[in-house]
Number of protein chains: 2
Amino acid sequence: MKFNKKLENIKTYEAGKPIELVVREFGIESTEIVKLASNENPYGCSTKVQDAVGAIVKKMSLYPDDSMTRLKDAVKKHFDIEVPNIIIGSGSDQVIEFIMHAKADSNSKILMNSVTFAMYEIYAKHIGAQVIRTASQEHDLDEFYELYKAQKPEIIFLCTPNNPTGDAISTTDLVAFISKIDSETLVVVDGAYMEYAAFKDKNKSITPKELIEKFDNVIYLGTFSKAYGLGGMRVGYGISNPKIIKELYKLRPPFNITTLSLEAASVAIEDQEFVNNCIALNFEEMNRYKEFVNEKNIDIIESYTNFVTLCLNDAQNSTQISDSLLRKGMIVRDLSGYGMNAIRVTVGTKEQNTRFFELTSELL
Amino acid sequence: MKFNKKLENIKTYEAGKPIELVVREFGIESTEIVKLASNENPYGCSTKVQDAVGAIVKKMSLYPDDSMTRLKDAVKKHFDIEVPNIIIGSGSDQVIEFIMHAKADSNSKILMNSVTFAMYEIYAKHIGAQVIRTASQEHDLDEFYELYKAQKPEIIFLCTPNNPTGDAISTTDLVAFISKIDSETLVVVDGAYMEYAAFKDKNKSITPKELIEKFDNVIYLGTFSKAYGLGGMRVGYGISNPKIIKELYKLRPPFNITTLSLEAASVAIEDQEFVNNCIALNFEEMNRYKEFVNEKNIDIIESYTNFVTLCLNDAQNSTQISDSLLRKGMIVRDLSGYGMNAIRVTVGTKEQNTRFFELTSELL
């Protein structure tokens with residue numbers, strides 16, 4: 001049977017290996033495995049969220065309130081915006097998918113950073129669009145602008161803080177860049193890790209409110225998967241002007257998040273104390289990674305997220321090291337697929353990080 | 001800002017009104033509201049599923065095992081098929097979406113019944129494909145065949161039992177029809193309500209195993225939203241030959257169902273006793289609807305599902321009646337949008353059905 005030609009070029013997303021797989025493949029007890037590969041919140045999620053979800057397991061038979069009024073009201077309040085500015089996705093991934101299908105087609109060009117979140121390219125390939133990438137590893141907005149002028153992309157993706165490298169764009173630079181972009185080009189500002197950046201450095205903090213007040217051609221993406229500790233529940237959001245949101249809504253399947261996810265996210269956004277505590281602990285623990293790489297003489301990219309990217313020396317091989325760690329039950333992300341001799345490590349709990357240092361010391 | 005032209009023609013799916021909306025709009029207490037509009041399982045879901053999900057709420061922070069090994073093994077065992085025959089979707093809706101994007105494009109025609117599940121058309125519109133419909137309300141496979149020969153559709157959707165009418169195609173007719181279809185045309189057999197049909201009448205029962213053994217151009221769709229009572233958890237599946245599944249997999253976003261949904265479905269499929277009990281109760285209660293319509297002199301379509309479609313007389317108006325019911329806290333589905341003067345009512349619990357009969361009697 002014949003299928004669409006565009007499928008021939010689609011790569012599959014390489015997810016962090018789940019604990020279950022390491023149990024199956026290497027016969028390691030699940031309690032012995034430490035996963036620092038998917039930037040999940042190592043402190044889990046708020047106990048308030050756990051209690052709320054546990055209390056409504058009977059409601060699993062009921063479709064969610066597809067208007068998502070409660071969650072949207074909570075997002076509205078949190079960001080000081082309006083409900084028509086909001087679209088909820090099954091992870092911010094799904095909002096990226098809506099954006100791609102609404103704005104681009106097989107004749108479009110999509111501009112993104114050389115190293116960035118893999119789903120931008122994957123969804124671009126779904127529609128057969130052409131991906132244009134910058135050369136530099138960090139977001140170089142001058143380079144972005146040159147490519148924008150030369151290539152006339154339909155969509156520009158800016159990921160700040162960037163995944164999988166952890167660096168962030170300054171607010172001033174971001175605003176100056178978007179000001180130069182014509183109103184027909186959609187700029188996506190993916191702030192999946194923005195809660196961490198905002199905590200660490202005000203100059204890297206961007207709020208959706210200021211973006212949508214300034215620009216009509218920008219959509220801000222956020223997620224409950226990281227700082228809120230709900231990676232397993234698949235809830236993200238897009239914030240933009242109502243006209244753009246209305247177009248994206250046309251592509252939203254009904255019931256795109258679960259009844260329990262709706263409850264979880266609605267409760268999670270109200271518990272900012274949990275989020276702030278997790279982020280404070282994250283940066284405390286991140287200091288230990290800085291000390292570790294100093295000792296070991298390897299480079300670390302200054303991170304505004306809940307992960308660190310360790311850039312290895314020429315004598316070291318990221319694939320070999322991450323494989324060796326995997327066999328010891330330590331799951332990290334090898335970045336060789338991104339053209340980097342580096343590993344990305346989620347900053348875990350104190351115990352998890354200690355274990356990482358112990359196991360990695362044996363290999364370096 | 002300009003968007004894809006194809007978006008102009010997209011209709012939005014009209015979901016059954018959620019209880020929360022009726023509370024907000026009409027100020028009725030949620031405990032007073034009966035929702036018989038979305039064909040949810042009125043007996044909820046298995047207590048084994050509730051216990052299992054309740055026990056892992058801590059894991060909401062962890063991305064699901066994206067290989068879905070446990071769930072796929074359970075589906076494999078249940079249907080006596082192989083793992084490469086299976087794709088899991090966020091509801092069977094999402095599998096429909098994959099099918100549409102993998103097999104069709106803006107030059108394609110999609111053949112479906114005059115009255116059938118609304119998402120087929122909605123996803124066809126997402127890619128700008130042309131929808132061809134039969135004229136008859138029940139699936140008339142001769143008419144399907146004539147249109148197939150004349151129009152050369154890329155995909156044919158057969159929904160059996162059909163939603164929103166409840167009638168089902170006989171196994172013999174279905175197999176004879178598919179035998180006449182060329183191998184390049186994909187036939188989708190949507191069995192979202194098949195557990196009910198199989199219980200009521202063996203002659204309407206179709207298993208994915210027999211379909212994929214006989215045909216290389218067929219995909220069977222099933223869901224955990226109906227008989228398994230997990231409408232809120234968004235888990236469905238497609239079963240087909242491995243080559244088709246492999247193509248659809250290219251369009252599957254990572255982590256397309258939640259960690260709790262994966263647990264729920266894996267446990268649910270093992271508890272067939274719960275499913276069978278619910279279905280037995282469903283058909284017991286359905287008999288009361290037959291008595292009711294006899295008394296009231298209105299028509300009912302013979303149903304192989306967990307809902308009944310009441311075809312009203314000319315003096316009655318489905319929109320008015322469903323609106324009046326809504327104001328009394330009884331949510332049913334008006335089928336005027338499908339060109340029918342009919343209401344679709346989920347067969348509820350004994351108490352819910354009694355309430356339906358009481359309230360509707362006042363209006364007829």
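Everything numeric in this text was worked out from a predicted model, so none of it was measured. So you know, we letter chains A, B, ... as the sequences are listed, proteins then strands, and number each from 1.
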Taking only heavy atoms into account, what residues of residues 57-65 of chain A are found under 4.5 Å from chain B?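 The stretch touches chain B at V57(A), K58(A), M60(A), S61(A), L62(A), Y63(A), P64(A), D65(A).
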Quick one: of [options], who has the most non-hydrogen atom pairs under 4.5 Å with chain B?
options: L262(A), T258(A), D105(A), D51(A); value: T258(A)
options: R24(A), M119(A), R252(A), K35(A); value: R24(A)
options: N217(A), T69(A), N41(A); value: T69(A)

Would you list the atom pairs, donor with acceptor, under 3.5 Å between side chains in residues 94-103 of chain A and any protein atom, with sequence neighbours excluded?
from	atom 1	to	atom 2	distance (Å)
Q94(A)	OE1	S90(A)	N	2.7
Q94(A)	OE1	N256(A)	ND2	2.9
K103(A)	NZ	E154(A)	OE2	3.4
K103(A)	NZ	E184(A)	O	2.9
K103(A)	NZ	K2(B)	O	2.7

Verdict with reasoning, L251(B) to I10(A), per side-chain contact (heavy atoms from CB on, under 4.5 Å): CA-CA 8 Å; L251(B) 294 174; I10(A) 294 180; 3.8 Å; yes
Please classify the contact between [X] and chain B as side chain, backbone, both or neither, with a heavy-atom cut-off of under 4.5 Å.
X: A104(A); result: backbone
X: S67(A); result: side chain
X: T185(A); result: backbone
X: R70(A); result: neither
X: L186(A); result: both
X: Y123(A); result: side chain
X: V49(A); result: both
X: K226(A); result: side chain

Carefully, step by step, assess V53(A) and V53(B) under the rule side-chain contact (heavy atoms from CB on, under 4.5 Å). CA-CA 9 Å; V53(A) 170; V53(B) 170; 5.7 Å; no
Got a donor-acceptor contact below 3.5 angstrom from the R234(A) side chain to the F255(B) backbone?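 Checked: pair present.
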Would you sort out whether I244(B) and M1(A) count as a side-chain contact (heavy atoms from CB on, under 4.5 Å), showing the intermediate values? CA-CA 8 Å; I244(B) 291 176; M1(A) 179 174 284; 4.0 Å; yes
Find the distance between [atom1] ([X]) and [atom2] ([Y]) and round it off to the nearest 0.5 Å.
X: L21(A); Y: D66(B); atom1: CG; atom2: CG; result: 11.0 Å
X: E247(A); Y: L7(B); atom1: CD; atom2: CG; result: 5.5 Å
X: I127(A); Y: I127(B); atom1: CD1; atom2: CD1; result: 13.5 Å
X: F3(B); Y: K246(A); atom1: CZ; atom2: NZ; result: 11.5 Å

Y43(B): ring-ring contact (aromatic ring centres under 6.0 Å, His included) partners, not counting sequence neighbours: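 Scan of Y43(B) (ring-ring contact (aromatic ring centres under 6.0 Å, His included), adjacent residues dropped) gives none.
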For D93(B), is it the side chain, the backbone, both or neither that has a heavy atom under 4.5 Å from a heavy atom of chain A?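 D93(B) touches chain A through side-chain heavy atoms alone.
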Heavy-atom contact with chain A under 4.5 Å, split by part of K6(B):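 Only the side chain of K6(B) comes within 4.5 Å of chain A.
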Among T259(B), I122(B), N4(B), T47(B), which residue forms the greatest number of heavy-atom pairs with chain A at distances under 4.5 Å?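 When all of T259(B), I122(B), N4(B), T47(B) are compared, N4(B) has the most.
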Taking side-chain hydrogen bond (donor to acceptor under 3.5 Å, both in side chains) as the definition, give me every residue that meets it alongside S266(A), ordered by chain and number, with sequence neighbours left out.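 S266(A): no side-chain hydrogen bond (donor to acceptor under 3.5 Å, both in side chains) contacts found.
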